[in-house]
Number of protein chains: 2
Amino acid sequence: MSTRRATIADVAREAGVSPSTASVVFSGKTPVSDATRRRVLDAASALGYTGPDPRAASLRRGRSGIVGVVFEEHLGTAFLDPVKTLMMDGLADGVAPIGAGLLLLRDHEPVEALDSGSPARAVPTLTTAPLDAAVLIGCSGHLRESLETVIARGIPVVVIEGDAGDGVPRIDLDNREATRQAASHLRTLGHTEVAVVTLPARGGWERGWILDDTAITIDVTRDRLAGALDVFPEARAFAAAGSFIDEGLAAGRVILADPVHRPTAVIAQSDLLAAGVIRAVEEAGLRVPEDVSVTGFDGIVVDGLAPYELTTLVQPATDKGRAAGQAVATMLEGADAASIRFTCAFREGNTTASPPDRD
Amino acid sequence: MSTRRATIADVAREAGVSPSTASVVFSGKTPVSDATRRRVLDAASALGYTGPDPRAASLRRGRSGIVGVVFEEHLGTAFLDPVKTLMMDGLADGVAPIGAGLLLLRDHEPVEALDSGSPARAVPTLTTAPLDAAVLIGCSGHLRESLETVIARGIPVVVIEGDAGDGVPRIDLDNREATRQAASHLRTLGHTEVAVVTLPARGGWERGWILDDTAITIDVTRDRLAGALDVFPEARAFAAAGSFIDEGLAAGRVILADPVHRPTAVIAQSDLLAAGVIRAVEEAGLRVPEDVSVTGFDGIVVDGLAPYELTTLVQPATDKGRAAGQAVATMLEGADAASIRFTCAFREGNTTASPPDRD
DNA sequence: TTGTACGCGTTATCAG
DNA sequence: CTGATAACGCGTACAA
């Protein structure tokens with residue numbers, strides 16, 4: 001049949017009922033007699049009608065059943081991070097009760113060249129996607145911009161790990177306090193020479209030392225660093241370009257390079273970074289934790305790190321995601337959602353010990 | 001302002017132009033004089049109008065700009081698999097030119113209990129999401145069902161690694177041929193006692209031996225196994241419950257348990273499984289590759305596997321995703337998309353060697 | 001270049 | 001339990 005798809009009106013006509021009755025059969029919003037239902041269903045299958053067009057339904061209802069999840073990175077990259085992965089998991093759980101799907105979005109679309117001869121076309125994003133709500137996974141300066149876009153559209157929004165301002169529910173961690181715990185642990189062990197390997201200082205950051213005048217626009221980085229400095233005000237900090245083992249390795253090499261300033265402990269802002277630092281320590285012919293103690297952050301399973309068991313802060317990543325999902329669900333039902341700050345659990349592994357005796 | 005949001009009609013009225021003119025200003029489909037444009041834009045910002053409602057626009061256009069990606073697993077789990085992660089990456093790339101967003105969907109919604117007192121509500125899925133197209137990441141029997149749903153809706157669909165039948169474009173690998181290569185490599189080295197650690201045999205599979213009468217409904221598993229059996233018809237196969245290091249470890253333990261039947265080589269159907277098998281070998285007090293050779297599949301970076309470098313088949317995971325995305329784009333433009341079979345590259349690492357001398 | 005008219009496919013609402 | 005009516009907010013022929 002080269003004709004257009006059947007609509008609910010066609011089905012109704014075929015079944016000899018009114019469109020509204022047919023609609024009700026599919027939505028189940030109102031009781032329908034069995035006989036009528038059967039007629040409608042039969043007519044539908046006869047016409048190859050598979051149910052209401054979601055586009056029309058969402059226009060009418062004012063709901064699309066879609067929650068946008070905004071990343072600032074290349075989508076693929078986002079899932080390379082175990083913590084984000086777990087968050088997505090929780091998020092999926094959290095929105096399940098309202099039956100929403102998760103739409104992956106990037107906050108600043110890459111400047112795509114004109115491909116395949118097709119004329120320049122607007123790349124849909126936050127502005128043009130049919131979202132019921134949005135979850136911003138926050139960090140960089142783009143967050144601010146995305147936030148405005150979403151708020152302007154009047155869409156409920158939740159921010160994970162970022163400064164939302166206003167009345168925007170925020171899901172985050174006690175980053176500063178948590179790091180302070182790790183640092184205190186190190187001080188208790190007797191460390192005084194400590195270095196910090198941080199997450200990026202801001203979007204597009206290349207790895208390098210954080211100096212007094214370095215602006216840190218990423219909240220997580222700033223807060224965790226503050227926690228470390230609370231205990232070791234003199235600690236030097238080197239910011240990696242991302243949360244990867246290789247970045248930790250690179251940072252570790254730099255930090256350990258100068259024998260004079262060599263720290264006896266390194267506070268890494270993520271487990272992956274910590275794993276890299278451990279490699280750097282080994283590479284330098286030193287031992288963990290005998291010569292250098294290392295702490296991480298996240299409490300993820302770093303595959304293949306054995307025999308080390310990282311001393312780290314275990315963050316409830318899945319819970320964070322779930323909380324965000326629930327907050328979204330709450331807002332979608334018209335209620336106000338509260339911000340939630342989760343707490344990390346300090347977990348002592350075998351990567352921290354007292355510093356070696358000095359001569 | 002407790003009143004409803006402004007519509008394009010309001011903007012037009014405020015600007016003193018017709019609705020269609022205002023529409024054109026936002027869509028850019030037709031030239032508009034600068035003066036008019038300015039008036040419209042000013043009116044829009046005065047009214048807090050942020051652009052056309054995506055729901056209405058998509059009804060009118062017949063396009064939502066959304067491509068569904070259907071997983072059969074818990075969403076979070078999907079991203080724990082590096083290969084899927086890379087595929088998503090490529091997919092995001094592939095659909096970028098048409099500016100589509102990716103909507104994460106599960107094929108069989110978990111049986112959610114009634115939460116939060118809200119009445120039982122239909123959980124939207126494949127049937128109710130406003131999709132322009134769908135990508136099925138295939139395996140289990142659910143695929144069949146999902147496929148029918150999508151086809152009934154008349155939505156373009158592409159299947160990755162699964163049997164699509166009909167005229168559905170399929171993106172997959174030369175799984176059988178690739179595995180055959182690895183197996184041949186082992187035979188050339190002199191191995192005769194070989195075991196296979198496979199991916200799950202079907203959805204919901206618990207780990208266990210694959211017997212003659214075991215039905216394997218997952219294509220990837222079946223094809224890769226066939227490739228191994230082409231070379232070693234007598235090889236025994238143990239199916240893991242998923243592609244994880246731990247599963248490989250568990251499988252390895254079972255396979256190595258019986259000293260009489262102990263193989264000199266293990267063909268694992270994924271790198272993660274292979275990594276687990278290697279651990280099992282070490283755990284048994286044996287060496288890789290001196291006592292037991294191990295091959296993998298995927299060519300991903302298995303974090304922390306050093307000093308081993310897996311002998312494996314490198315699959316172009318990102319390319320697969322990108323191809324799927326492009327196929328979707330093609331179909332959306334009304335053309336037919338072809339199925340594509342990608343080729344894996346054999347990469348020899350240091351986990352395979354000649355078998356030990358037998359007494 | 002701008003305006004008119006209409007319909008995209010549904011579903012709330014309310015009366016019967 | 002069923003039906004008539006009226007939007008939902010927009011894009012696009014077509015005419016002016």
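Throughout, a chain's letter reflects where its sequence line sits, starting with A, and its residues are numbered from 1.
Using a 4.0 Å heavy-atom distance criterion, A:F26 is classed as making no nucleic acid contact. Backbone-only contact: A:V17 has heavy atoms under 4.0 Å from sugar-phosphate atoms and none from a base.
A sub-4.0 Å separation between OP1 or OP2 of C:dT2 and a side-chain N or O of B:T36 is present. Residue A:T21 places none of its side-chain N or O atoms closer than 4.0 Å to OP1 or OP2 of D:dT2.
Distance CG (B:D53) to C1' (C:dG9): 15 Å, rounded to an integer number of Å. One can place CG of B:L59 at 11 Å from P of D:dG11, the figure rounded to the nearest angstrom. Rounding to whole angstrom units, CG of residue B:D34 and C1' of C:dT2 are separated by 15 Å. When the P atom of D:dG3 is taken as reference, atom CZ of A:R13 falls 14 Å away, rounded to whole Å. Per the geometry, CZ belonging to B:R61 stands 6 Å off P belonging to D:dT12, to the nearest Å. Protein atom CZ of B:R55 is 13 Å distant from nucleotide atom C1' of D:dC10, rounded to whole Å. One atom, CG of A:L47, and another, C1' of C:dG9, lie 15 Å apart when rounded to the nearest Å. Between the C1' atom of C:dA12 and the CZ atom of A:R63 lies a distance of 15 Å, rounded to the nearest Å.
Of the candidates C:dT10, C:dT1, D:dC10, the closest approach to any side-chain atom of B:P31 belongs to C:dT1. Set against C:dT2, C:dT10, D:dT12, the side chain of B:T30 has C:dT2 as its closest nucleotide. Counting only heavy atoms from C-beta on, A:T7 has its side chain closest to C:dT10 among D:dC10, D:dG3, C:dT10. Residue B:P52 has its side chain nearest to D:dG11 when only D:dT2, C:dT2, D:dG11 are considered. Distance from the side chain of B:S18 is smallest to C:dG3 among C:dG3, C:dT10, C:dT11. The side chain of A:K29 lies closest to C:dA12 when the candidates are C:dG9, D:dC10, C:dA12. Candidate nucleotides C:dT2, C:dT10, D:dC1 were compared by shortest atom distance to the side chain of B:V32, and C:dT2 ranks first.
Donor-acceptor pairing under 3.5 Å, judged by distance alone, is present between the side chain of B:S20 and the base of C:dT4. Interface remark: the A:R60 side chain does not form any donor-acceptor pair with the C:dT10 base, using a distance-only criterion of under 3.5 Å.
Looking at B:K320 and B:E161, a side-chain N of the basic residue comes within less than 4.0 Å of a carboxylate O on the acidic one, giving a salt bridge. Using a cutoff of 4.0 Å between basic side-chain nitrogens and carboxylate oxygens, B:D132 and B:R61 are not scored as salt-bridged. Taking the charged nitrogens against the carboxylate oxygens, B:R39 and B:D42 have no contact shorter than 4.0 Å, which rules out a salt bridge.
Counting only N and O atoms by type, the side chains of A:S23 and A:S20 include no donor and acceptor under 3.5 Å apart. Of the N and O atoms on the side chains of A:S146 and A:T149, not one donor lies less than 3.5 Å from an acceptor on the other residue. A side-chain N or O of B:S33 and one of B:T36 form a donor-acceptor pair less than 3.5 Å apart.
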